[in-house]
Amino acid sequence: METPLDRTDRRLIELLVQNARLSNRDLAERVGLSPSACLERVRRLFDRGVLTGAHAVVDPGALGVGVQAVVAVRLARHTRELVEAFRQHTIALPEVRALYHVTGEHDFLMHVATRDIQHLRDFTMDALTTQHGVAHLESFVVFAAQTKPGWPDYLED
């Protein structure tokens, strides 16, 4: 059985979620560990799969993204094969930033990023409605987006 995360592990996660570029020395100082003990703790968090990576936050406009949307998709049937084929197809599309298989009226919600509204229209028409099993889709244009890095809010003991 895995050892549960202790207060130091949780603090390391919180600090790395806020800024994954912190040096090991700064990280160690903030949690009250030696640099070697801190490095070992972070390595162990990666080895256990608690930490799965680090990423840069990019301004979508700098990459030519002018429109973001949430697209809701309902499939005609719910076989494992159809669901998996749709999932594999959509997650591979460059416009898809996140994909969620959900309960309720829709089967999938996806966050998409496109150059403009015409690109969004073409994307939904060409990449989604042509997929076998797609019965219905709705697009919701995002006026403004704010994301919260990681989930440190509920890491309390």
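Everything numeric here is computed off the predicted structure, so don't read it as measured data.
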My understanding is that only residues two or more places apart in sequence, or in another chain, count here; which of them pass salt bridge (Lys or Arg N to Asp or Glu O under 4.0 Å) with [X]?
{"X": "Arg121", "result": "none"}
{"X": "Glu84", "result": "Arg87"}
{"X": "Arg48", "result": "Glu2"}
{"X": "Arg11", "result": "Glu14"}

If you measure from SG on Cys38 to CG on Leu22, what distance do you get to the nearest 0.5 Å?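 Reported value, rounded in 0.5 Å steps: 9.5 Å.
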Output the distance between atom CG (Leu128) and atom CG (Leu93), rounded to the nearest 0.5 Å.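 Leu128 CG to Leu93 CG: 7.0 Å, rounded to 0.5 Å.
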With the 4.5 Å side-chain cut-off for hydrophobic clustering, are [X] and [Y] part of the same group?
{"X": "Val17", "Y": "Val57", "result": "no"}
{"X": "Tyr100", "Y": "Val134", "result": "no"}
{"X": "Leu27", "Y": "Val50", "result": "yes"}
{"X": "Met110", "Y": "Leu137", "result": "yes"}

Taking 4.0 angstrom as the limit, do Asp122 and Arg115 come out as a salt bridge? no
Give the minimum heavy-atom separation between Asp107 and His101, together with the two atoms involved. O-CD2, 3.1 Å
Give the minimum heavy-atom separation between Leu82 and Thr79, together with the two atoms involved.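 Reported closest heavy-atom pair: N-OG1, 3.1 Å.
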For residues 28-36, which side-chain N or O atoms pair as donor and acceptor with protein atoms under 3.5 Å away, sequence neighbours left out?
from, atom 1, to, atom 2, distance (Å)
Ser34, OG, Ser36, OG, 3.4
Ser34, OG, Ala37, N, 3.1

Can you give each donor-acceptor pair under 3.5 Å made by side-chain atoms of residues 62-77, sequence neighbours left out, with the distance rounded to 0.1 Å?
from, atom 1, to, atom 2, distance (Å)
Gln68, OE1, His111, NE2, 2.6
Arg74, NE, Glu105, O, 3.1
Arg74, NH2, Glu105, OE2, 3.3

Strictly by salt bridge (Lys or Arg N to Asp or Glu O under 4.0 Å), give each pair with a member in residues 60-69 just once, sequence neighbours left out. none
For Asp116, what residues pass the side chain to side chain donor-acceptor pair (under 3.5 Å) criterion, not counting sequence neighbours?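 Side chain to side chain donor-acceptor pair (under 3.5 Å) check on Asp116 returns nothing, list empty.
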Taking side chain to side chain donor-acceptor pair (under 3.5 Å) as the definition, give me every residue that meets it alongside Asn24, ordered by chain and number, with sequence neighbours left out. none
Can you tell me if CZ on Arg44 sees more than 12 non-hydrogen neighbours from other groups inside 6.0 Å? yes
State, yes or no, whether a side-chain contact exists between Asn19 and Leu15 at a heavy-atom distance under 4.5 Å. no
Strictly by ring pair (Phe, Tyr, Trp, His ring centres under 6.0 Å), give each pair with a member in residues 48-89 just once, sequence neighbours left out. Phe86-Phe108
Residue pairs, two or more places apart or on separate chains, that pass ring pair (Phe, Tyr, Trp, His ring centres under 6.0 Å) and touch residues 117-143: none
According to side chain to side chain contact (heavy atoms under 4.5 Å, CB included), who are the partners of Leu51, at least two apart in sequence or on a separate chain? Ile13, Leu16, Val42, Leu45, Phe46
